[in-house]
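In what follows, a single structure is set out as structure tokens and then discussed.
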Amino acid sequence: LDVLLLGDKAYSTLSESIKNKIMDHEVNIKTCEAHVKAAETRRGDEMADAMCRTARACINAARKSIDALKLFSADVENWAIPASRVLGHVVYSPPVRYGAGTEDEQYTEDYAVIEIDEDKIDRASFMGNVIDLGIKTPPWNFTKIMRPNPQDATPFEFPIDRLLELHGIIPDEEICRPTMLDEHGEACLMVIKNGSASGVSIGCANAIKSYTRMYLDDGSTQTSKEWAILAYYTEPADLPTIDAQPRGFSAKGDSGSLIFDGRGRMVGILHSGMPRGVTGTSHVTFATPAWWAIEKLKAATGREAIFLE
């Protein structure tokens, strides 16, 4: 079973987003050119001269962005055929099970192992396992959310290139007894994910395990123990007010996303959530602890260690 880096819908979305971004820059150029024309009629006016310089700088920046986007678009066109987007193939995929493991575990087992086609990876430039934290949330606000208590010494520095390196796994002991502190001085664990549907979002993990019951088509039910992640405020406009509600941590289509902490440690694998109203996002997201999934993989493959570097 082949695994595509971008499905047909994701590829179409990417292609259209590039075209739309180019159009945005073209509109911005026209607007700035109008500002320059207006400013040139007031030569010698200090404010008009400053506006003219700013507008010209914006025009140059927009033109450079358009050139870069056109090059990227030409590259993306090479991925039009699905076969060109094959990243690898599935080598191990156990059936989905609810309440899997020992009596004390009972987690949801829903994952697969993919072998990457080495021809698709340039080892000379490969950066390893990294997550792009994106531009939706400004670095200063991202850092503030990830460190809700200024007195907490838990390290988090927003990467200058936005790429957070992933390494290691958070043990079950720390999931149940977090070492971070929230704004009220209570123990908490702030986590991040970058999903294919909802992008980058920040959540607060719940140290108390949850239970979910699945109602199957044959009328039977199955129960699983879950690790719950609660939605958190992620943008300046979302900061708490009397009537404010946090954005969802995940949405339909994010299943399989890796959940990690601010140090880049793997925490869990997202598999489901509880939708909130008509927004399409989940105010509670459920995940399988990473340490448990790795132990299951070790047992299935016969390997004594699995490295996540």
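Just so it is clear, the model here is predicted, and its values are computed rather than measured.
- Salt-bridge formation is detected for the pair Lys298/Glu295: a Lys NZ or Arg NE/NH1/NH2 atom is positioned less than 4.0 Å from an Asp or Glu carboxylate oxygen.
- Checked for salt-bridge contact, Glu105 and Arg97 miss the test: no charged N lies under 4.0 Å from a carboxylate O.
- Residues Gly134 and Phe158 share a closest heavy-atom pair of O-CZ, 4.0 Å.
- Counting only residues at least two apart or on different chains, no ring pair (Phe, Tyr, Trp, His ring centres under 6.0 Å) pair has a member in residues 19-75.
- With a 4.5 Å cut-off on side-chain heavy atoms, Thr143 and Glu157 do not count as touching.
- The CG atom of Leu4 sits 12.0 Å away from atom CH2 of Trp79, with the distance rounded to the nearest 0.5 Å.
- Using a 4.5 Å heavy-atom cutoff, the side chains of Ile116 and Leu87 are in contact.
- The two atoms that bring Tyr107 and Asp172 nearest to each other are OH-OD1, 4.3 Å, heavy atoms only.
- Put simply, the side chain of Ser73 never gets that close to the backbone of Leu69: no donor and acceptor are under 3.5 Å apart.
- Side chain of Asp254 to backbone of Ala251: a donor-acceptor contact under 3.5 angstrom is found.
- Using a 4.5 Å heavy-atom threshold, the side chains of Val130 and Leu166 count as separate.
- Between Trp227 and Ile175, some side-chain heavy-atom pair lies under the 4.5 Å cut-off.
- Taking a cutoff of 4.0 Å between a charged side-chain nitrogen and a carboxylate oxygen, Lys19 and Glu16 qualify as a salt bridge.
- The closest donor-acceptor contact from the side chain of Ser15 to the backbone of Ser12 lies at 3.5 Å or more, if one exists at all.
- Distance check, rounded to the nearest 0.5 Å: SG of Cys176 to CD1 of Ile170 gives 11.5 Å.
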- Task: May I have the step-by-step check of side-chain contact (heavy atoms from CB on, under 4.5 Å) for Trp292 and Ile294, ending in yes or no?
- Result: CA-CA 5 Å; Trp292 183 82; Ile294 294 300; over 6 Å; no
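- Side-chain contact annotation: Thr102 with Asp104, donor-acceptor N/O pair under 3.5 Å absent.
- One distance of note links CD1 of Ile229 with SG of Cys204; it measures 10.0 Å at 0.5 Å rounding.
- Side chains of Glu109 and Tyr111: a donor-acceptor N/O pair is present below 3.5 angstrom, by distance only.
- Taken together through direct or relayed side-chain contacts under 4.5 Å among Ile, Leu, Val, Met, Phe, Trp and Tyr, Tyr211 and Met214 form parts of separate hydrophobic clusters.
- With hydrophobic clusters built from ILVMFWY side chains whose heavy atoms lie under 4.5 angstrom apart, Tyr11 does not share a cluster with Val86.
- Closest approach of Leu270 and Ser250 over heavy atoms only: CD1-CB, 3.6 Å.
- With hydrogens and angles left out, the side-chain atoms of Thr31 and Asn28 include no donor and acceptor closer than 3.5 Å.
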- Show your working on side-chain contact (heavy atoms from CB on, under 4.5 Å) between Leu6 and Leu14 and close with a plain yes or no. CA-CA 9 Å; Leu6 290 173; Leu14 173 62; 3.7 Å; yes
- Would Thr108 and Ser224 satisfy side chain to side chain donor-acceptor pair (under 3.5 Å), going step by step from the backbone distance to the final call? CA-CA 6 Å; Thr108 297; Ser224 275; 3.2 Å; yes
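- Around NZ of Lys120, the count of heavy atoms belonging to other residues, nucleotides or ligands within 6.0 Å exceeds 12.
- Put simply, OG on Ser201 and CD1 on Ile192 are 9.0 Å apart, with the number rounded to the nearest 0.5 Å.
- Contact check for Ile135 versus Arg162: side-chain heavy atoms found under the 4.5 Å cut-off.
- Across Ser198 and Lys136, no two heavy atoms sit closer than the pair O-NZ, 3.9 Å.
- Closest non-hydrogen pair, Ala55 versus Val36, comes out as CB-CG2, 3.5 Å.
- Closest non-hydrogen pair, Met180 versus Asp152, comes out as CA-OD2, 3.3 Å.
- One hydrophobic cluster holds both Ile121 and Val90 under the rule that ILVMFWY side chains link at heavy-atom gaps under 4.5 Å.
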- Message: Let's go through Asp261 and Met190 carefully: what are the C-alpha distance in whole Å and the side-chain angles of both, what is the deciding distance for side-chain contact (heavy atoms from CB on, under 4.5 Å) to 0.1 Å, and is it a yes or a no?
- Response: CA-CA 6 Å; Asp261 73 349; Met190 303 303 298; over 6 Å; no
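- Side-chain atoms of Ser210 and Glu226 form no donor-acceptor pair, as typed in the model, at a separation below 3.5 Å.
- Under the 4.5 Å side-chain heavy-atom criterion for Ile, Leu, Val, Met, Phe, Trp and Tyr, Met51 and Ile59 are members of distinct hydrophobic clusters.
- Contact of the Val200 side chain with the Lys193 side chain is not registered, since no non-hydrogen atoms from C-beta on lie closer than 4.5 Å.
- Residues His271 and Thr288 meet the side-chain proximity criterion, which asks for heavy atoms closer than 4.5 Å.
- In the hydrophobic clustering of this structure, Leu5 groups with Val3; members are Ile, Leu, Val, Met, Phe, Trp, Tyr whose side-chain heavy atoms approach within less than 4.5 Å, directly or through other members.
- Using a distance-only test at 3.5 Å, with no hydrogens or angles considered, no donor-acceptor pair links the side chain of Ser220 to the main chain of Leu216.
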- Apply side-chain contact (heavy atoms from CB on, under 4.5 Å) to Gln151 and Leu181, showing your working. CA-CA 8 Å; Gln151 306 303 318; Leu181 298 176; 5.9 Å; no
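- Taking 4.5 Å as the limit, every side-chain heavy atom of Ile259 sits out of range of all side-chain heavy atoms of Ile269.
- Distance check: Ile18 CD1 to Glu77 CD gives 9.0 Å after rounding to the nearest 0.5 Å.
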- Message: Applying side chain to side chain donor-acceptor pair (under 3.5 Å) to Ser17 and Asn20, what does each step give before you reach the verdict?
- Response: CA-CA 5 Å; Ser17 69; Asn20 291 336; over 6 Å; no
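- A donor-acceptor contact shorter than 3.5 Å is absent between the side chain of Asp132 and the backbone of Leu163.
- Asp8 meets the salt bridge (Lys or Arg N to Asp or Glu O under 4.0 Å) test with Arg85; sequence neighbours excluded.
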